[in-house]
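Throughout, a chain's letter reflects where its sequence line sits, starting with A, and its residues are numbered from 1. Computed from a predicted structure; not experimentally measured. All values below were derived from every heavy atom in this structure, side-chain atoms included, with hydrogens, water molecules and symmetry-related copies excluded.
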2 protein chains.
Amino acid sequence: MRVTIADVARIAGVSKTTVSRVLNTRDEVDHSTRAHVREVIDRLGYVPSSGAVGLARGTSRTVGMLVPSLTWPWMGEVLQGVVDTVEAAGFGLLLFTCNRGTDSVERFTSQVSAGAFDGLLAVEPEDTLAMLAALHRKGLPVVLIDDRGRHPEFPHVTAANREGGAAAAGHLLAVGRRRPLVLAGPLRFGCVRDRLDGFEDAYAAGGCPLDPALVIESDFTEADGRETVRRLLSEGRTFDAVFAHNDLAAVGALAALRTAGLRVPDDVAVIGFDDIPMAGLMYPPLTTVQQPMREMGETAARMLLALLAGEELSDPSVVLPTSVVIRQSTAGV
Amino acid sequence: MRVTIADVARIAGVSKTTVSRVLNTRDEVDHSTRAHVREVIDRLGYVPSSGAVGLARGTSRTVGMLVPSLTWPWMGEVLQGVVDTVEAAGFGLLLFTCNRGTDSVERFTSQVSAGAFDGLLAVEPEDTLAMLAALHRKGLPVVLIDDRGRHPEFPHVTAANREGGAAAAGHLLAVGRRRPLVLAGPLRFGCVRDRLDGFEDAYAAGGCPLDPALVIESDFTEADGRETVRRLLSEGRTFDAVFAHNDLAAVGALAALRTAGLRVPDDVAVIGFDDIPMAGLMYPPLTTVQQPMREMGETAARMLLALLAGEELSDPSVVLPTSVVIRQSTAGV
DNA sequence: CTGAAAGCGCTTACAG
DNA sequence: CTGAAAGCGCTTACAG
């Protein structure tokens, strides 16, 4: 049987109130009483029932996390950052995905109403944004880990996409590339427009404005990156670099260039975005703009915990710096 | 304010007992009463507090999952399988990692005592096995997703490692490789010994027993795979194939062979194990023995849910089939 | 078929 | 400094 606070109280010869105070408050308890109760707690191995504590206090000391998919290459890093931070604060992490339509969305919202968690971390909530906004308005603390949209109504953390795009341009210009192909992500995403703007402006400032025919919307997949580059080459387009808006598309570009008999980086330099764990293991190793995924997870988790502690966020919109990781796909050997 | 069962009861003009029965039982309630209560529940948007239900019922309808790391290449697939299954059953998933020593282990065990979840899924619990065994003995339902050890004391799901090793051998023999290098994982892992046994036996049966000097213990990392192959080549060893016990090591082998000027698969064929998401995106695309990671997650989750439902497991030790995915690193173009 | 009451294991005014 | 009692929001015998 479970050891309860009543057991501890009885054996220690005090009231449940006193045991509760030993557990939860720093003062109001006589030193020797406190020591004695502590001893009994340890001896019995008593741990308060989280359900009962939650019911009495009206809080669960648990945060929820909603992700669109767990199999994206960088999701593990974000998750690890979140879990580490949340665990260290003594909170639990309840994980949800929303990849199966209304059914799972409904189940998720009912978990919210059920008070299963006190606050929510959401990654790139494209389809679920309206729902989240409703929950947020009803008082659920929410922090977005959001690399796609622009959501000033939520506290959120993103990477410095514009600066990342500019840095990619700076690097390509530095290695002498004047005619880059841009394999953009879906243009409805804020992050994509930011990366593009930063890149375009930097190229213009460098004295060679982009050729609009070489800015192509793609969909962040390896397959589409590969196919797009193949098609452009077959149409006779020329370019001396590829800036892909994510690493998967860059890997696709690598494959298409190889198939076409072009050398990377000699004929065409390739730079990606994300720095997924496999980026350095590609052939050639992929130069890329790094997003600090783990740190983004940690930061978002810290923000949510602060909110739950009743603190004001000094800055509800955190932008973490990106940086170019130079590897052989742009640098040669 | 939260809508409670008392609100529903008052507005519907019935007792809390009746509302509870409408919520939880199929019978014992008059048809029209039931309909009326349902209507009030919907109108008010009432959702029972999971904490209160848990306290009253002594169960949390939540399962825990303990993983050593969230950033391993195949972990996302396992997690996705688990989350999908658990969510579909209306359970929550509480995620824990144990990468920060005794501190996090202690925090984890206290969550168990706190009754935060009803059952546990654990992935490759090398260091935490003793702790898990203790919890299991105390009555916590546990299912292992375990590709490393052999733990007959727990219900668990693994991949068919021995058969996978044999299949790798069969494939290499079929493409004419008679002198393979084996880049084994740490030999203390059961899965490693199984893969090795299957591979060795199949090669022996094929008429060419392995050269013991070409069976090397490695550590499942890309760096060690690369370094080991580099060293062997520099020592003048010859081999016409590499069987790596995981895909990361295989990717390392690919890099070392390339650096040495050897062609894959012409000079040396390479086959890995796992089929991580990036395997097909390598150059050349990596032939590998696929472990059904997502299915392993789903199966383990289903087993745990069955246990929680009070069912007996028809088979507490489930072995899921592996299969060779043939790509260019062994097959040429 | 329905309800009053006790109980799940805590916390928290309130009183002393 | 300490405790009796009410309350958190449910479920579940028990009685009718």
Fill in: Flag, side chain of E87(B) to backbone of T97(A), donor-acceptor distance under 3.5 Å
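Here the side-chain-to-backbone pair exists.
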
N or O in side chain of [X] less than 4.0 angstrom from [N] OP1/OP2:
X	N	value
S20(A)	dT12(C)	no
T18(B)	dG3(C)	yes
T33(A)	dC1(D)	no
S49(B)	dC10(D)	no

Worksheet item: If you take all heavy atoms of S110(B) and V47(A), which pair is closest and at what distance?
Response: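 Shortest heavy-atom separation between S110(B) and V47(A) comes out as O-CG1, 3.4 Å.
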
In whole Å, I'd like the distance from the [atom1] atom of [X] to the [atom2] atom of [N].
X	N	atom1	atom2	result
R10(A)	dG9(C)	CZ	P	12 Å
D7(B)	dC10(D)	CG	P	9 Å
R61(A)	dC10(C)	CZ	P	16 Å
R34(A)	dG3(D)	CZ	P	14 Å
R2(B)	dC8(D)	CZ	P	12 Å
N24(B)	dT2(C)	CG	C1'	16 Å
I5(A)	dT11(C)	CD1	P	5 Å
L23(A)	dG9(C)	CG	P	15 Å

Practice prompt. Tell me which nucleotide among dG9(C), dA13(D), dG7(C) gets nearest to the side chain of R21(B).
Written response: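 For the R21(B) side chain, the nearest candidate turns out to be dA13(D).
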
Discussion item. Of the options dA4(D), dG3(C), dG9(D), whose atoms approach the side-chain atoms of A52(B) most closely?
Written reply: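 The answer is dG9(D), which lies nearest to the side chain.
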
Worksheet item: For the residue pair F117(A) and F96(A), does the interplanar ring angle fall in the parallel (under 30°), tilted (30 to 60°) or perpendicular (over 60°) class?
Response: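 The arrangement is tilted - the two ring planes meet at 30° to 60°.
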
Worksheet item: Given that L55(B) and T17(B) both sit by DNA chain C, which one's nearest nucleotide is further toward the 5' end?
Response: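 Looking at DNA chain C, the more 5' nearest nucleotide goes with T17(B).
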
Practice prompt. Would you mind pulling out the nucleotide paired to dA4(D), Watson-Crick or G-U wobble, both distances under 3.5 Å?
Written response: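 Across any shown strand, dA4(D) pairs with none.
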
Fill in: Pair partner, dA13(C) [Watson-Crick or wobble, under 3.5 Å]
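Its partner is none (no Watson-Crick or G-U wobble pair with both distances under 3.5 Å).
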
Worksheet item: When the nearest nucleotide of DNA chain D is assigned to D30(A) and to K16(A) on a heavy-atom basis, which residue is associated with the more 5' position?
Response: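 The answer here is D30(A).
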
Discussion item. I want to check something: taking the side chain as every heavy atom from C-beta on, are M293(A) and D274(A) in contact at a cut-off of under 4.5 Å?
Written reply: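 A side-chain contact under 4.5 Å exists here.
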
Discussion item. If I take atom OG1 from residue T62(B) and atom CG from residue D118(B), how far apart are they, to the nearest 0.5 angstrom?
Written reply: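 It comes to 6.5 Å.
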
